2 protein chains.
Amino acid sequence: MTQVSITDIAAAAGVSASTVSRALQDNPRISPARRDEIKALAAQMGYRPSQVARSLVTGCTHTLGVVVTDVTDPFVAEVMKAAEAASRTAGYTLLFASSDRDPERELEAIRLLLDRQVDGLIVVSGRAGPRYAEIRSAAGATPATWPLVLVNNEQAGPGIYSVQVDNRAGAIRAITYLKALGHRRIAFVAGPERGRSSRERLEGYRQGLAANGLELRNAQVVGGAGLLEDGPRALAALMGLAEPPTAVLCYNDLAAIGLLAAAAHAGMKVPAELSVIGYDNIPLSAYSVPPLTTIDQPKAEMGRLSVAMCLQALDGQPVSNVTLEGQLILRESTTQLSSGV
Amino acid sequence: MTQVSITDIAAAAGVSASTVSRALQDNPRISPARRDEIKALAAQMGYRPSQVARSLVTGCTHTLGVVVTDVTDPFVAEVMKAAEAASRTAGYTLLFASSDRDPERELEAIRLLLDRQVDGLIVVSGRAGPRYAEIRSAAGATPATWPLVLVNNEQAGPGIYSVQVDNRAGAIRAITYLKALGHRRIAFVAGPERGRSSRERLEGYRQGLAANGLELRNAQVVGGAGLLEDGPRALAALMGLAEPPTAVLCYNDLAAIGLLAAAAHAGMKVPAELSVIGYDNIPLSAYSVPPLTTIDQPKAEMGRLSVAMCLQALDGQPVSNVTLEGQLILRESTTQLSSGV
DNA sequence: CGAATTTGCGCAAACGTTTGCACCAATCAA
DNA sequence: TTGATTGGTGCAAACGTTTGCGCAAATTCG
């Protein structure tokens, strides 16, 4: 026994398929008696409408595509979770694809999802730079078709929207706080090179230094990728310096937690000997040892908003980009610079 | 300009739609010259086949549904990541839904995905117990249609498969190891009550105790949900005991990391005063302070296998359930019991 | 050289819906 | 009574593919 279709019900009820279709949609042109009868029959026969057939005719799949760099990143997961909840309550389902941080794969994933006729797309922490507009026009998209919303990123273009946090401001806040604690040599562990948020946070770091009258030393910014593994490498590089920093701002919490682990392993006291600040405020940051001072990103809000914006655009409404503020969460990985150092 | 369809190409090439369809499929009945001509035209016009139209006629969407308790759980995310990669290389896309650990929502998600005509379903850490078979027959599924594979769970039924780790054995291994280190009072932080893996790990804990001639004290198993937040509560409960444990096995790494944080906060030395073992070997467990001794689950393997099994079943091949072994990963959260205690 | 086969392509049905339009019967207003 | 309106329903096209079948032309075979 295969799926029961609308014509099966029509046959059973002795009416036409169109009547069944209309009855199930509560079309007023169907008499209430028939409607109830048909609905009862449908329920009894366990009818479930085929979304694919419906999509074919309506041209709308009620599906949003979400492509991420890596689900394994707690920031990404948190955004996805909220996006899933929001889309579900709106009657949408999520098609999921992962790019593994490869811009090529990211674009490929977008194309794949478009082939599946997603109504809109959400890209979390995308790395495809200016190529979104290109792929959009290549797909023959008018400004009104399949909105693309970029989370934690920003690119101009018709039908391309973004929701992000003010990365620069967050970093500046962190630096200012560290300066107030007496720190003068503050390092930075950078994020993935292609990421827009990486650049912005680095920029914020620089501006923060300048605004606080602190000197920027190139050796104090070390490369990274926003991963746990960054921590040990970064710590080694930083501690090898003639004048090691007394505080460090990391691209994200993952790198910061990696740094914490490396410090503990090296027998270095945090925050006594080194203050550490992360970025994102992932749930784990409250449970690191010591608990991590960090800059919050309203991840759930971002996820929720990303689908809201998608839906709004689909609805033909004007949608404006949003950039939220991320506040500094004070925990125990930062402290006053002891006078001795 | 909307999407270019097969008939547009047919018109441009001066052939029929069926010829175009066949040409693109490399059907041998189309002459090579025509085929190349059509392919070139299709490429030039930017043709991308509509998967939904295709699905309607073939009855196969090349889509797998994956429903999880919570993407935010690193174990789940790790499994999903591998599943996504595997399905992508097999030409399948993933439809994603989250249950938020609610069995009702989990079933609802399954129904939703079925309406979308997914070819198969993967449920990670499902909590719906015996109701999978029920929903399967309600959907009029024959044993051959939409395979359902359960990750980190097991249920009998036609078309229902499972890939899991031997939870009991893993727990026993942990207890045996702790006993070898001299521990005699070993506590357990339990997982979510409805989870099958919770029950099995608890059972393994009990059997491990018994097998090592250790006494089971009910007060030494405390409730939890497999979350970071479990840690502080569990530690408080355990340390309030007249004879507090010298070691503790946790349902998963998250709870263990929470426990580590709580211990640090309480000024308690791990492992000197308390040995801690987790379960899952999530990436973070290598970066906790101290690094966590844990029982590995081959998460990537499980994700990969889950889609492989799905595809195998779809292919009509017989598929057998698999249960993997999870080895103990020794790190620094466990140590020899100091003689004084 | 005629018959049988092969090659290359088009027709049309099918998948399961939605929806514009036409149609008939009943009701209503005049 | 007649004409117009309304209420209820069915017909058929459409969405974009795939695929069984049929048919003509070209090729092969005896």
Side-chain angles (χ1 to χ4, degrees), chain A residues 1-39 41-42 45-63 91 114-119 139-140 145, chain B residues 1-39 41-42 45-63 91 114-119 139-140 145:
Chain A
M1 196 64 159
T2 173
Q3 282 279 82
V4 17
S5 86
I6 218 170
T7 56
D8 297 332
I9 300 183
V15 298
S16 76
S18 36
T19 299
V20 176
S21 173
R22 278 190 261 256
L24 296 175
Q25 296 177 78
D26 285 323
N27 186 310
R29 301 189 63 83
I30 301 296
S31 68
R34 273 240 184 289
R35 173 166 47 74
D36 295 344
E37 174 194 350
I38 289 173
K39 281 191 171 181
L41 205 53
M45 296 174 70
Y47 171 71
R48 309 231 80 195
S50 159
Q51 298 298 333
V52 355
R54 180 174 291 179
S55 299
L56 185 57
V57 37
T58 62
C60 150
T61 55
H62 280 267
T63 294
L114 286 176
D115 287 352
R116 298 296 224 261
Q117 324 299 127
V118 293
D119 292 339
T145 42
Chain B
M1 194 67 160
T2 170
Q3 282 278 83
V4 16
S5 83
I6 219 169
T7 56
D8 297 331
I9 300 184
V15 298
S16 76
S18 35
T19 300
V20 176
S21 174
R22 279 188 260 254
L24 296 175
Q25 298 177 78
D26 285 322
N27 187 309
R29 301 189 65 83
I30 302 296
S31 70
R34 272 242 184 289
R35 172 164 48 73
D36 296 343
E37 174 193 351
I38 289 174
K39 280 190 172 181
L41 204 55
M45 297 175 68
Y47 170 72
R48 307 231 81 195
S50 160
Q51 298 299 332
V52 354
R54 180 175 290 180
S55 297
L56 185 57
V57 37
T58 62
C60 152
T61 55
H62 280 268
T63 293
L114 286 176
D115 286 352
R116 298 295 223 262
Q117 325 297 130
V118 293
D119 292 340
T145 43

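Note: hydrogens, waters and symmetry copies are ignored here, and every other heavy atom, side chains too, is used. Note that this is a predicted model, so its numbers are computed, not measured. Convention: sequence-line order gives letters A, B, ...; per-chain numbering from 1.
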S55(A) vs dC15(D): side-chain N/O to OP1/OP2 distance below 4.0 Å = no
Taking only N and O in the side chain of S31(B), is any of them less than 4.0 Å away from OP1 or OP2 of dT7(C)?
-> no
Please list, pair by pair, any protein nitrogen or oxygen found under 3.5 Å from a nitrogen or oxygen in nucleotides 19-23 of chain C.
| from | atom 1 | to | atom 2 | distance (Å) |
| --- | --- | --- | --- | --- |
| dG20(C) | O6 | R22(A) | NH1 | 3.3 |
| dG20(C) | O6 | R22(A) | NH2 | 2.8 |

Should S5(A) be listed as having a side-chain N or O under 4.0 Å from OP1 or OP2 of dG16(C)?
-> no
Hey, what bend do you get for the helix from dC1(C)-dG30(D) to dA30(C)-dT1(D) if you fit axes on five pairs at each end, rounded to 10°?
-> 50°
Between side-chain atoms of residues 27-35 of chain B and protein atoms elsewhere (two or more places apart, or another chain), which donor-acceptor pairs fall under 3.5 Å?
| from | atom 1 | to | atom 2 | distance (Å) |
| --- | --- | --- | --- | --- |
| N27(B) | OD1 | R29(B) | N | 2.8 |
| S31(B) | OG | R34(B) | N | 3.4 |

All side chain to side chain contact (heavy atoms under 4.5 Å, CB included) counterparts of A11(A), not counting sequence neighbours | none
Can you name the salt bridge (Lys or Arg N to Asp or Glu O under 4.0 Å) partners of D115(B), sequence neighbours left out?
-> R48(A)
Against the side chain of L56(A), the closest entry in dT18(C), dC11(D), dC15(D) is dC15(D)
Mind calculating the distance between NE2 (H62(A)) and C1' (dT17(C)) to the nearest angstrom?
-> 13 Å
Checking all strands, does V15(A) fall into the base, sugar-phosphate, or nothing category for heavy-atom contacts under 4.0 angstrom?
-> sugar-phosphate
Residue pairs passing the side-chain hydrogen bond (donor to acceptor under 3.5 Å, both in side chains) test where at least one lies in residues 6-22 of chain A, sequence neighbours excluded = S5(A)-T7(A), S16(A)-S18(A), S16(A)-T19(A), S21(A)-Q25(A)
